[in-house]
Amino acid sequence: MSDAAAWDARYDHGGFTFGATPNRYLESLTPRLRPGMRALALADGEGRNGVWLAKQGCVVTSVDWSEVGLEKARALAAEQGVAMETVVADLTQWDWPRGSLDLIAWIYLHMPSAERAIVAARAVEALAPGGLLALECFCPAQQGRRSGGPRDPDLLPDEAWLRHAFAELELLECLTGTVLLDEGPKHQGQAEVVRGLFRRR
Ligand SMILES: C[S@@+](CC[C@H](N)C(=O)[O-])C[C@H]1O[C@@H](n2cnc3c(N)ncnc32)[C@H](O)[C@@H]1O
């Protein structure tokens, strides 16, 4: 089974694996959002973050390699009365936009380090001047905890990786710490995360 097929299988149920409400870090960035911002919800899964951004007035593209996830994302958008473009694609192969995005939301996209570096480089190139990249992921200290996230340590970025991968961007904040997750059945409890907010100069 390919990784995309594995995610299809994980999403093939009636509920929302990571909830239907946005990630709290992304939500905390509300004061920085403006209607009409061109936003990319990276690896948007069942669409909770993309749909929320669309509700804030952003023009959203939601990309994930899981067709099942994005079908649920489209249903969530319709239920909440917002429009959102959805694209089924592998982010390492996708034909990324260049220099045009005002916001990229990278929320719990965990990839092998070599692929993560490719996606980070594409994301940097995709931002318009002044565009923001917001990231929250589990970090290496999350290994072995039951509140969520992958087991393979190569999938867990740390703060040093963020600072290096997005060095071309202005660093607005970047930190590692413990949060209390309450995001659907698969993100529950105390978790070790890394968060970052970067801006294209
Ligand atoms: C932990 S889920 C997070 C989903 C969503 N961002 C959220 O916070 O609810 C990780 C997502 O990454 C997607 N994903 C992983 N690798 C990908 C790739 N190479 N291309 C596209 N999507 C990918 C999976 O399909 C899955 O939906």
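Below, each value reflects all heavy atoms present in this structure, side chains not excepted, and no hydrogens, waters or symmetry copies. Each ligand, and each atom within it, is numbered from 1 in the order the structure gives.
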Within the 4.0 Å heavy-atom shell around [X], which atoms of ligand 1 are there?
{"X": "Asn49", "answer": "7 (C), 8 (O)"}
{"X": "Leu109", "answer": "12 (O), 14 (N), 15 (C), 16 (N)"}
{"X": "Ile107", "answer": "3 (C), 5 (C), 6 (N), 8 (O)"}
{"X": "Gly45", "answer": "27 (O)"}

Just to confirm my output: which protein heavy-atom neighbour is closest to [atom], and how far is it?
{"atom": "atom 10 (C) of ligand 1", "result": "Tyr108 O, 3.4 Å"}
{"atom": "atom 8 (O) of ligand 1", "result": "Arg48 NH2, 2.8 Å"}
{"atom": "atom 22 (N) of ligand 1", "result": "Trp65 N, 3.3 Å"}
{"atom": "atom 13 (C) of ligand 1", "result": "Asp64 OD2, 3.4 Å"}
{"atom": "atom 20 (N) of ligand 1", "result": "Leu91 N, 2.9 Å"}
{"atom": "atom 12 (O) of ligand 1", "result": "Ala43 CB, 3.2 Å"}
{"atom": "atom 19 (N) of ligand 1", "result": "Asp90 OD1, 3.0 Å"}

Whether [Y] and [X] form a salt bridge (side-chain N of Lys/Arg under 4.0 Å from carboxylate O of Asp/Glu) is what I want to check.
{"X": "Arg48", "Y": "Glu183", "answer": "yes"}
{"X": "Glu170", "Y": "Arg201", "answer": "no"}
{"X": "Glu67", "Y": "Arg74", "answer": "yes"}

Q: Flag this pair as yes if the NZ/CZ of Lys72 is under 6.0 angstrom from the six-membered ring centre of Tyr11 and inside a 45 degree cone about the axis; otherwise no.
A: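 Pair Lys72/Tyr11 does not count as cation-pi.
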
Q: Tell me, please, whether Trp94 has Arg122 positioned over its six-membered ring: NZ or CZ under 6.0 Å from the ring centre and within 45 degrees of its axis?
A: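 No, cation not above the ring by the 6.0 Å, 45° rule.
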
Is there a nitrogen or oxygen of [X] sitting under 3.5 Å from a nitrogen or oxygen of ligand 1?
{"X": "Met111", "result": "no"}
{"X": "Tyr11", "result": "yes"}
{"X": "His110", "result": "no"}

Q) Using a heavy-atom cut-off of under 4.0 Å, does the side chain or the backbone of Asn23 touch ligand 1, or both, or neither? A)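 Near ligand 1, Asn23 shows nothing, with every heavy atom at 4.0 Å or more.
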
(Q) Using a 4.0 Å heavy-atom cut-off, which part of Ala89 comes near ligand 1: side chain, backbone, both, or neither? (A)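 Ala89 to ligand 1: backbone contact only, side chain stays beyond 4.0 Å.
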
Q) Taking the six-membered ring for Trp, are Phe18 and Tyr108 ring centroids under 6.0 Å apart? A)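 No, the ring centres sit 6.0 Å or more apart.
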
Q) Just one of Thr21, Leu76, Leu26 clears the side-chain contact (heavy atoms from CB on, under 4.5 Å) bar with Trp52, so which one? A)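 Of all the options given, the one that passes is Leu26.
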
Q. Do Glu46 side-chain atoms and Thr17 backbone N/O form a donor-acceptor pair below 3.5 Å?
A.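 Yes; judged by distance alone, with no hydrogens or angles, the pair exists.
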
Q) Yes or no on side-chain hydrogen bond (donor to acceptor under 3.5 Å, both in side chains) for Asp90 and Thr92, after CA distance, side-chain angles and deciding distance? A) CA-CA 5 Å; Asp90 179 341; Thr92 63; 2.8 Å; yes

Q. Quick one: does Asp44's side chain get under 4.5 Å of Ile107's, heavy atoms only?
A.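 The answer is no; the side chains never approach within 4.5 Å.
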
